[in-house]
Amino acid sequence: MLLSQYPINTLKETPSEAEVVSHQLMLRAGLIRRVAAGIYAWLPFGLRTLRKIETIIREEMDRAGALEVLLPAIQPAELWQESGRWGEYGPELQRLKDRHERDFVVGPTHEEVITDIARRELRSYRQLPVNFYQIQLKFRDEVRPRFGVMRAREFIMKDAYSFHLDAASLAAGYDAMRVAYTKMFQRMRLDFRVVQADTGAIGGNASEEFQVLASSGEDAIAVSDADGYAANVELAPALPPTTPRPAPREPLERIATPGARTIEQVCAAVGVTPERCVKTLIVAGTAAGAGGAGATGPARAADAAGTAGATDTAGAADIASARATPLVALVLRGDHELNAVKAQKLPGVANPLRFALPAEIEAATGSPPGFIGPRGLAGVTIYADHAALALADFVCGANERDAHLRGVNWGRDLPEPLAADLRNVISGDPSPAGGGPLRIARGIEVGHIFQLGRKYSEALKATVLDEAGNSVTMLMGCYGIGVTRIAAAAIEQNHDERGIIWPDPIAPFHVVLVPLNLQKSPQVRAVADALYQELQAAGIEVLYDDRDERPGVKFADAELLGVGHRLVVSERGLAAGALEYRHRRAGASEQFPRAAAVEFIRARLQL
RNA sequence: CGGGGUGUAGCUCAGCUUGGUAGAGCGUUUGGUUCGGGACCAAAAGGUCGCAGGUUCAAAUCCUGUCACCCCGACCA
């Protein structure tokens, strides 16, 4: 491609809207432009990279035996009503009406549509297993789109759905996808980890995420280098302390703590460290959990889970409803952080997790937020994290304005609460796999694989006949990749102060050809033109900077755009019969004979 | 949705406190000189100051409303 024919400008200054490096560089290099919040246009250079990413995905999906389809972006509400997600899926689901006032959605994902196809097309176990995939635009009306294409509202996703007769087949299909994904991300030269993950709103059983490691990543992942354990922090279990709780030594004592609402303030007022304190978070419970004493037993657990989706999220103004909402207290050690995913799975806790409103807290405890403690909380289910439960002589709120308690002991001063894993693991916690301490890394989720089970096939009655002629509900797996996000993730991992450094397999071009003094030197022109033809004829993708620009401008743009291999043609070099080569990561250039150009470049491409 | 902030030239921003001629750098155009690391000189184009009301002799500036965008918290590829 001739750069003189390309009208998109690079930017010297960083647009103020961009926060993270990948976003800044994508805008500066002219890969993307913002059209609206979380909605981007892909310009030619950006699209070239996007297409390369898609090609790698396609090749590996095809190799794994998956079949490509293209499903509609606009989907009828009926399918979503049938699966139940018309009501469950929140405001992220973009709903719209056609001219006849019929309801539709802009697809955020395609389980409903593909299951609808599957139930029509698949009649026999002989047609299974099968895996359908597509690469297509999705729309999710994110609360807060951010970081350019990393968290956009409209984005391109590769989504795949597999159908199986039995669990063994599903597991095999799932494993095949894990292998295919691993291969793809390896081919893209990404530094990633496969981590255990929460199944989230989509539901299902086994689930793993593919996380590209980057400090700007939005996900925290717990990694143990000793035993290979890796999990999203949302899911990583915090093991209970192995040492037993010490015996009480201090007397229970009330302390005036005027205005001390945060753990830091309480510690300062009382004179202890955060790990000697306990914080009590009040969250909404479920109607099932409100029944009365013993509501948290296993028999009620199924009940609670069953009604979780129906939890009312009434406004603060409605005091009557606020009083009616059952509450649950979650108790954590002062230096620990609540893990919402773990908490909302507990019996009696509303899912999704919702913090109680100040009015609700005051109505239930008689104290404003900031002075709440587990002692004397009547009619509230109390869960204590294992670490909080292991404390003796701890500090907590007194359920009274401007007062805390110290020397508090479970069993002695208040009943033993229910024990649970409520917190995020932190660096240094023991690995659940048993091998050494965990460390916390940041990751960008570029892929996610699930064993869905029968959630959608059951709702949409997707069945086949088995060998015995019985109607069997199919098992499903689903497998997503954030295609547009990969481009951003790759830049997060591959850049320097001068710009992008694309890995060869996803670079918009293989080589950038930079002739110096092109307009004045017929010799440079002749050689550069010839090289352009030769390299292209050899199947090498060349960006030919034939602009009438000074060398500095050409070098700066080439480095910003991030093409890995640079070829310089100059009068100085040609006098010695040589060309100049430099890798984007290299500190210096090397000379090589002009006649060997094609072989020289080919030997250095790592595709 | 809650909290914080910003809308002035294609981009980055100043001007607003204290109302009175719309500015700089980069980019763009033309001419010239340059030509191995984002050149220099000269000239030029380019803005209904987000939008709508209001106050005032006079509004980028003050007031009200509205829209858009960005940042911090709960969701996800």
Side-chain angles (χ1 to χ4, degrees), chain A residues 7-20 23 27-28 30 33-39 57 89-93 108-109 135-160 181 197-202 209-212 218-219 232 234 283 313 315-316 338 340-341 344 352-355 357 444-450 478-489 498-499 514-521 524 548-560 566 568-573 580 582 589:
Chain A
I8 305 300
N9 292 76
T10 54
L11 307 176
K12 238 188 244 184
E13 284 167 300
T14 302
S16 56
E17 71 196 62
E19 186 81 357
V20 296
H23 190 194
L27 288 169
R28 286 225 288 135
R33 292 289 183 252
R34 190 180 62 79
V35 173
I39 298 177
I57 293 172
Y89 215 111
E92 285 78 33
L93 180 62
T109 176
I135 295 177
Q136 192 229 27
L137 278 175
K138 299 280 187 269
F139 189 88
R140 295 182 188 175
D141 196 5
E142 296 277 350
V143 188
R144 191 150 98 78
R146 204 170 359 178
F147 303 152
V149 298
M150 206 131 103
R151 169 165 307 280
R153 292 194 294 173
E154 186 186 82
F155 59 99
I156 295 176
M157 174 161 143
K158 189 286 301 177
D159 48 328
Y181 275 34
D198 182 55
T199 50
I202 298 181
E209 290 168 349
F210 288 72
Q211 294 274 1
V212 167
E218 293 188 89
D219 289 340
N232 194 306
E234 287 179 347
V283 300
T313 49
L338 175 70
V341 170
Q344 68 197 8
L353 192 76
R354 194 200 113 220
F355 283 99
L357 305 163
I444 300 165
E445 182 188 352
V446 292
H448 201 159
I449 57 178
F450 289 90
C478 78
Y479 319 94
I481 291 181
V483 178
T484 35
R485 183 181 281 181
I486 287 175
R498 289 178 299 188
V514 182
L516 303 187
N517 209 4
L518 180 70
Q519 268 62 19
K520 294 279 173 58
S521 166
V524 167
D548 183 15
E549 287 290 353
R550 295 162 58 86
V553 173
K554 294 188 177 189
F555 292 150
D557 276 343
E559 282 157 358
L560 177 59
R566 186 181 82 186
V568 174
V569 183
S570 67
E571 286 185 302
R572 186 197 293 174
E580 183 184 309
R582 181 148 159 191
S589 305

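Residue numbers start from 1 in every chain, and the chains themselves are labelled A, B, ... in the order their sequence lines are given, proteins ahead of strands.
Counting to the nearest Å, the C1' atom of C75(B) and the CZ atom of Arg144(A) are 12 Å from each other. Rounding to whole angstrom units, CG of residue Leu560(A) and P of G37(B) are separated by 18 Å. Per the geometry, NZ belonging to Lys138(A) stands 18 Å off C1' belonging to C75(B), to the nearest Å. Between the C1' atom of G73(B) and the CZ atom of Phe147(A) lies a distance of 13 Å, rounded to the nearest Å. Regarding Met150(A), its CE atom lies at a distance of 18 Å from the P atom of C76(B), rounded to whole Å. The separation between Tyr479(A) atom OH and C76(B) atom C1' is 19 Å, rounded to whole Å. For the pair His23(A) NE2 and C70(B) C1', the computed distance is 10 Å after rounding to whole Å. The nearest whole Å value for the distance from the CG atom in Leu27(A) to the P atom in C70(B) is 11 Å.
Within 4.0 Å of Arg33(A), counting heavy atoms only, lies no atom of the nucleic acid at all. No contact: Ala558(A) has no heavy atom under 4.0 Å from any strand. Here Val446(A) lies in heavy-atom contact (under 4.0 Å) with sugar-phosphate atoms only. Residue contacts for Gly447(A): at a heavy-atom cut-off of 4.0 Å it reaches the sugar-phosphate backbone alone, with no base atom in range. Here Asp159(A) lies out of heavy-atom contact (under 4.0 Å) with every strand. At a threshold of 4.0 angstrom between heavy atoms, the contacts of Arg146(A) are confined to the sugar-phosphate backbone, with no base atom among them. Residue Arg151(A) is classed as a base contact, given a heavy-atom separation below 4.0 Å to a base. Residue Arg153(A) is classed as having no contact, given no heavy-atom separation below 4.0 Å to the nucleic acid.
Here the separation of A45(B) from G53(B), taken at their P atoms, is 31 Å to the nearest Å. Spacing between G15(B) and G20(B) at atom P, rounded to whole Å, works out to 14 Å. G19(B) and G10(B) have their P atoms separated by 29 Å, given to the nearest Å. For the P atoms, the distance linking C13(B) with A74(B) amounts to 28 Å, nearest Å. Separation of the P atoms belonging to C71(B) and G31(B) is 43 Å when rounded to the nearest angstrom. Using atom C1' as the reference point in both C63(B) and G23(B), the two lie 26 Å apart (nearest Å). Between G38(B) and G25(B), the distance separating the two C1' atoms is 14 Å to the nearest Å. Rounded to whole Å, the P atom of U12(B) lies 16 Å from the corresponding atom of U6(B).
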Salt bridge (charged side-chain N to carboxylate O under 4.0 Å, His left out) between Glu571(A) and Lys520(A): does it pass, once the steps are laid out?
CA-CA 10 Å; Glu571(A) 286 185 302; Lys520(A) 294 279 173 58; over 6 Å; no
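Checking G38(B), C69(B), A74(B) against every side-chain atom of Ala37(A), the shortest atom distance belongs to C69(B).
The shortest side-chain heavy-atom distance between Arg153(A) and Glu92(A) does not fall under the 4.5 Å cut-off. For the pair Leu516(A)/Val524(A), no side-chain contact is recorded, criterion being any heavy-atom separation below 4.5 Å from C-beta on. The shortest side-chain heavy-atom distance between Ile39(A) and Phe139(A) falls under the 4.5 Å cut-off. Residues Lys554(A) and Pro515(A) are in side-chain contact: their nearest non-hydrogen atoms beyond the backbone lie under 4.5 Å apart. For the pair Asp219(A) and Glu234(A), the minimum side-chain heavy-atom distance is 4.5 Å or more. You'll find the side chain of Arg151(A) stays beyond 4.5 Å of the side chain of Arg144(A), heavy atoms only. In this structure the side chain of Arg146(A) never reaches within 4.5 angstrom of the side chain of Val20(A), judged on heavy atoms.
For U21(B), the base is syn relative to its sugar; the glycosidic angle is within 90° of 0.
In this structure, A59(B) makes no Watson-Crick or G-U wobble pair, since no nucleotide meets both defining distances under 3.5 angstrom. Under the Watson-Crick and G-U wobble criteria, each requiring two contacts below 3.5 Å, nucleotide U33(B) is paired to A39(B). Across all strands shown, C1(B) is found opposite G73(B) as a Watson-Crick or G-U wobble partner, with both distances under 3.5 Å. If you check U6(B) for Watson-Crick or wobble pairing at under 3.5 angstrom, you find it paired to A68(B). Nucleotide U18(B): unpaired (no Watson-Crick or G-U wobble partner with both distances less than 3.5 Å). Taking a pair to require two hydrogen-bonding distances under 3.5 Å in either a Watson-Crick or a G-U wobble arrangement, U28(B) pairs with A44(B).
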B/S/- along nucleotides 27-36 of chain B (protein heavy atoms under 4.0 Å) is S------BBB
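Look at Arg354(A) and you won't find any side-chain N or O under 4.0 angstrom from OP1 or OP2 of G2(B).
The backbone N or O of Arg582(A) lies less than 3.5 Å from no partner atom in the side chain of Ser589(A), so there is not a single donor-acceptor pair. A donor-acceptor pair under 3.5 Å is formed between the side chain of Arg33(A) and the backbone N or O of Leu27(A).
Listed by chain and number, the residues in a ring-ring contact (aromatic ring centres under 6.0 Å, His included) with Tyr479(A) amount to none (sequence neighbours excluded).
Mapped onto RNA chain B by nearest heavy atom, Glu218(A) and Ala36(A) fall at different nucleotides, with Ala36(A) at the one closer to the 5' end. Nearer to the 5' terminus of RNA chain B, by closest-nucleotide assignment, is the contact made by Glu19(A) (compared with the other of Glu19(A) and Gly480(A)).
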Contact list (N/O, under 3.5 angstrom) for nucleotides 3-11 of chain B vs protein:
residue, atom, partner, partner atom, Å
C11(B), O2, Glu13(A), OE1, 3.4

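A cation-pi contact, defined as under 6.0 Å to the ring centre and within 45° of the axis, is absent between Arg498(A) and Phe555(A).
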